[in-house]
2 protein chains.
Amino acid sequence: MESPSYPTYTEPWDSAHQWDTRADCEVRQILDRIADKWSLLVISLLDGRSLRFGQLMRLIDGVSQRMLTITLRQLERDGLLTRHVYPVSPPHVEYTLTEMGRSLRQTIQPLVAWTETHQDAIAHARNAYDRSHEG
Amino acid sequence: MESPSYPTYTEPWDSAHQWDTRADCEVRQILDRIADKWSLLVISLLDGRSLRFGQLMRLIDGVSQRMLTITLRQLERDGLLTRHVYPVSPPHVEYTLTEMGRSLRQTIQPLVAWTETHQDAIAHARNAYDRSHEG
DNA sequence: CAGTATCCCTCACGATACTG
DNA sequence: CAGTATCGTGAGGGATACTG
């Protein structure tokens, strides 16, 4: 599968760094999606329960109708949650995590815990940096 | 510290959903930072070794000088990597993860693994969604 | 209630040129 | 080599008004 004419690359490299660094890297696309302004919050709030559109609106401070709609549609498109419409008037719509959504929520948990554990250290590092680089 | 006149909130809620959903939430600020377009890639590539500016430029396809500089400065400011300048000409600068940077790298690893495991499922879900919503 | 539609603006980012 | 400075664009996203 490898072309013999392709020159051997001499950058330092080993099996521990097998990330795909191309701009269209799938992993980074998915990370960009789940780490956007609202997706993580939605996934977190739906853990273990279903919620309606208005409930999510009230639980997420600062989100607009427009952005909540877009976020929910993207997560639905990615198969991370399902949208169930009850055909009543006024409309009743419930959002629920899929199996994949729940597994993502589990995976995110350690990262959330890391930020909580280290937020003071990061704040301290920022202060130190700003003091030593003030103009 | 709590005002007695603040009304008791009656939304469904339990101890499993204790996220801070305010717009200025520290956790989300940090997640926004580490999940931006280039930071994860830099942290990943620096795992277990130091690299120079030019090496990172060549390893990260598509990054501009400007964005690599900004990304590295932010990560340095957050205490996730250190910048070591060798006072020679031409300049020689090396970037190395700090202890905190290495611990973040460890924490990110499961999330990267998750995206790799589920990227086919997500692509499939997107296709199914697009087919059923085409118009 | 759960959305769409439209306007508008910021700012993140790329491109390019220059420098100690 | 490792940056800084400047300009231009466009996608992200807020505000507002309207609707089945």
Side-chain angles (χ1 to χ4, degrees), chain A residues 10-12 21-25 28-29 31-42 45-46 50-77 81-96 129 133 135, chain B residues 11-12 21-25 28-29 31-42 45-46 50-77 81-96 133 135:
Chain A
T10 54
E11 278 300 343
T21 59
R22 289 171 304 169
D24 60 353
C25 168
R28 214 172 64 201
Q29 276 187 24
L31 286 177
D32 285 350
R33 164 64 42 80
I34 64 173
D36 72 8
K37 203 170 180 183
W38 308 111
S39 294
L40 274 181
L41 236 35
V42 169
L45 290 170
L46 286 177
S50 298
L51 287 176
R52 302 177 61 175
F53 187 89
Q55 291 177 313
L56 284 166
M57 272 286 283
R58 270 170 275 121
L59 286 170
I60 303 177
D61 183 50
V63 75
S64 62
Q65 276 195 334
R66 175 187 139 87
M67 286 317 298
L68 184 55
T69 301
I70 291 174
T71 300
L72 289 168
R73 288 296 180 282
Q74 285 176 341
L75 294 174
E76 185 194 4
R77 178 169 180 261
L81 58 76
T82 54
R83 178 172 180 269
H84 188 57
V85 182
Y86 295 87
V88 295
S89 182
H92 182 125
V93 180
E94 286 197 352
Y95 293 92
T96 314
Y129 182 93
H133 291 76
Chain B
E11 278 298 342
T21 58
R22 290 172 302 169
D24 60 354
C25 168
R28 212 171 67 200
Q29 277 189 23
L31 285 177
D32 284 350
R33 164 65 41 82
I34 65 175
D36 73 8
K37 203 170 180 184
W38 308 111
S39 293
L40 274 180
L41 236 35
V42 169
L45 289 169
L46 286 177
S50 298
L51 288 176
R52 301 178 60 176
F53 188 91
Q55 291 177 314
L56 284 166
M57 272 286 284
R58 270 169 277 120
L59 286 170
I60 303 176
D61 183 50
V63 74
S64 63
Q65 274 195 335
R66 175 187 140 85
M67 286 316 298
L68 184 56
T69 300
I70 291 174
T71 300
L72 289 168
R73 288 296 180 281
Q74 286 177 339
L75 293 175
E76 185 194 4
R77 178 168 180 261
L81 57 77
T82 54
R83 178 172 179 268
H84 188 57
V85 182
Y86 296 87
V88 295
S89 183
H92 182 125
V93 179
E94 288 198 349
Y95 294 92
T96 314
H133 291 77

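Chain A is the first sequence line, chain B the second, and so forth, proteins listed ahead of strands; every chain is numbered from 1.
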Please tabulate, one pair per line, each protein N/O and nucleotide N/O from nucleotides 1-3 of chain C that are separated by under 3.5 Å, including the distance.
unit_1	atom_1	unit_2	atom_2	d
C:dC1	O3'	A:R52	NH2	3.0
C:dC1	O3'	A:P91	O	3.4
C:dA2	OP1	A:R52	NE	2.8
C:dA2	OP1	A:R52	NH2	3.1
C:dA2	OP2	A:G54	N	2.9
C:dG3	OP1	A:R73	NH2	3.1
C:dG3	OP1	A:R83	NE	3.2
C:dG3	OP1	A:R83	NH2	2.5
C:dG3	OP2	A:Y95	OH	2.6
C:dG3	N7	A:Q65	OE1	2.7
C:dG3	N7	A:Q65	NE2	3.0
C:dG3	O6	A:Q65	OE1	3.0

Grab the [atom1]-[atom2] distance between [X] and [N] for me, whole Å please.
X: A:D36; N: D:dG12; atom1: CG; atom2: C1'; result: 10 Å
X: B:R66; N: D:dG8; atom1: CZ; atom2: P; result: 14 Å
X: B:K37; N: D:dG12; atom1: NZ; atom2: P; result: 11 Å
X: B:L68; N: C:dG14; atom1: CG; atom2: C1'; result: 14 Å
X: B:M67; N: C:dA12; atom1: CE; atom2: P; result: 9 Å
X: B:D32; N: C:dC11; atom1: CG; atom2: P; result: 15 Å
X: A:M57; N: D:dG13; atom1: CE; atom2: P; result: 16 Å

> Between A:E94 and A:R83, is any pair of side-chain heavy atoms under 4.5 Å apart?
Replying inline: no
> Which is it for B:K37 and B:M67 under the side chain to side chain contact (heavy atoms under 4.5 Å, CB included) test, yes or no, and what are the steps along the way?
Replying inline: CA-CA 9 Å; B:K37 203 170 180 184; B:M67 286 316 298; over 6 Å; no
> Run the side chain to side chain contact (heavy atoms under 4.5 Å, CB included) check on B:H133 and A:R77 step by step: do they pass?
Replying inline: CA-CA 10 Å; B:H133 291 77; A:R77 178 169 180 261; over 6 Å; no
> Using purine N1 to pyrimidine N3 plus N6-O4 or O6-N4 for Watson-Crick, or N1-O2 and O6-N3 for G-U wobble, each under 3.5 Å, what pairs with C:dA5?
Replying inline: D:dT16
> Between A:F53 and A:L72, is a side chain to side chain contact (heavy atoms under 4.5 Å, CB included) present by the stated rule, with each step listed?
Replying inline: CA-CA 9 Å; A:F53 187 89; A:L72 289 168; 3.8 Å; yes
>> Given 3.5 Å as the limit, does a donor-acceptor pair link the side chain of A:Q55 with the main chain of A:R52, or not?
In response: yes
> side chain to side chain contact (heavy atoms under 4.5 Å, CB included) between B:V42 and B:L81: does it pass, once the steps are laid out?
Replying inline: CA-CA 10 Å; B:V42 169; B:L81 57 77; 4.2 Å; yes
